[in-house]
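Written out below as structure tokens is the structure these notes cover.
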There are 2 protein chains.
Amino acid sequence: MPEEPRWLNECEREAWLALASLMFKLPSALDAQLLRDNDLTLFDYFVLSALSMTPGRTLRLSALASQVSSSLSRLSNVLKRLERRGLLRREPDPDNPRYNRAVLTEAGWDLVVAAAPGHVAAVRRFVIDGLTSKQITALSEVAGRVTQQVNEAAAEDSRRDG
Amino acid sequence: MPEEPRWLNECEREAWLALASLMFKLPSALDAQLLRDNDLTLFDYFVLSALSMTPGRTLRLSALASQVSSSLSRLSNVLKRLERRGLLRREPDPDNPRYNRAVLTEAGWDLVVAAAPGHVAAVRRFVIDGLTSKQITALSEVAGRVTQQVNEAAAEDSRRDG
DNA sequence: CCGTCGAGGTTCAAGCTTGAACCAAATGCG
DNA sequence: CGCATTTGGTTCAAGCTTGAACCTCGACGG
């Protein structure tokens, strides 16, 4: 283990620095737009949006957590806030009362509908519209691959010390 | 303004979802490794690492803030913690005493040196090693472009309402 | 049956981030 | 000059995230 690590070469470092910079800046830029225009964080928006795209506008909490890549703990806190604002409701799952589900309310639906255009415009402005369609395809592949590797690594880790 | 927005097509949405997922997961995966192995957040590491790569291991605070894409406020808080741990020092800039600089201490340098291999290994594991060299080049270009667009948008905004 | 284990969720304290308010030193600029 | 603005930086409260501890219920083994 204490042998000389494989450092990044020039290209690799350049790619990593660019990605790091994106990782720091893009989330706050998107957050800022949603916060200013709709008083929602990006994460809030993802939660509401995930519900809005589901038949019945309802999801079990753990399913929702995995869709938005969050811990149950974080989700639970966020749901509390969104519920207080009347954007969704928590209730026992009628199919299996030991589970809970989140249900988007009418107000929640309306808010997603109101927020979506501005959010999509921001995504276009920051990401999509500056890229060629080849680059968009490349982005899909690369981001998909990275996500997959992160997931696999997490799975390995939990297998090892779980 | 209330006209029908340009929604994302299939490819675009796929790319955006993949990128969003990356944005949520990669930072916490990298954070987790550094926190576990060196008791540093990714942001802490970037700060120390930026200093360590500079001649004199010193940077003016606002230069440092812009290198790590953070507000002065956030940087100031982080510097306070790192200074308390003895990893760096804040002192007036000798060239122009109205500025302050952060100086990496010996202990800070040693910590960066100790943390770097594990961090690079994580970057390889999560990002670099799963990509072809074409994909690495594409990633550079795409991430660079996105970052640039975010910066430009920020500049426009501040020009407009500044 | 009884114990215990895991899955689904919630809670709480500790820590981090954010934005607005603030201070001091320089730099206009009328 | 003299006042206002800008630049560099800090601070504080409010809000958000995290992880560990906890609770409950069903499943499973003995």
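Each chain gets a letter, A, B and so on, in the order the sequences are listed, and its residues count up from 1. Every value quoted in this text rests on a predicted model; they were computed, and no experiment measured them.
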Presence of donor-acceptor pair under 3.5 Å, side chain of A:Ser73 and base of C:dT11: yes
Under 4.0 Å between a Lys/Arg side-chain N and an Asp/Glu carboxylate O for A:Glu83 and A:Arg89? no
Heavy-atom pair with the smallest gap, counting every atom of A:Leu22 and B:Thr147: N-OG1, 3.6 Å
Within the structure, does a side-chain N or O atom of B:Arg74 lie under 4.0 Å from either OP1 or OP2 of D:dT10? no
Hey, which of these two, A:Tyr99 or B:Pro97, hits DNA chain C nearer its 5' end, going by closest nucleotide? A:Tyr99
Would you mind checking if A:Asp31 and A:Arg36 are paired as a salt bridge, meaning a charged N to carboxylate O distance below 4.0 Å? no
Under 4.0 Å, counting only non-hydrogen atoms across every strand here, what does B:Arg101 touch: a base, just sugar-phosphate, or nothing? nothing
Charged N to carboxylate O below 4.0 Å: is that the case for A:Arg6 and B:Asp129? yes
Any donor-acceptor N/O pair under 3.5 Å between C:dA7 base and A:Arg98 side chain: yes
Phosphate contact (D:dT10 OP1 or OP2) by B:Arg90 side-chain N/O below 4.0 Å: yes
NA contact type, A:Leu72, heavy-atom cut-off 4.0 Å: base, sugar-phosphate, or nothing? base
Whole-Å distance, B:Leu34 CG to C:dG15 P, equals 19 Å
May I ask you to say what B:Ser76 touches in the nucleic acid, namely base, sugar-phosphate or nothing, with a heavy-atom cut-off under 4.0 Å? base
Does B:Arg81 make a side-chain N or O approach to OP1 or OP2 of C:dC16 shorter than 4.0 Å? yes
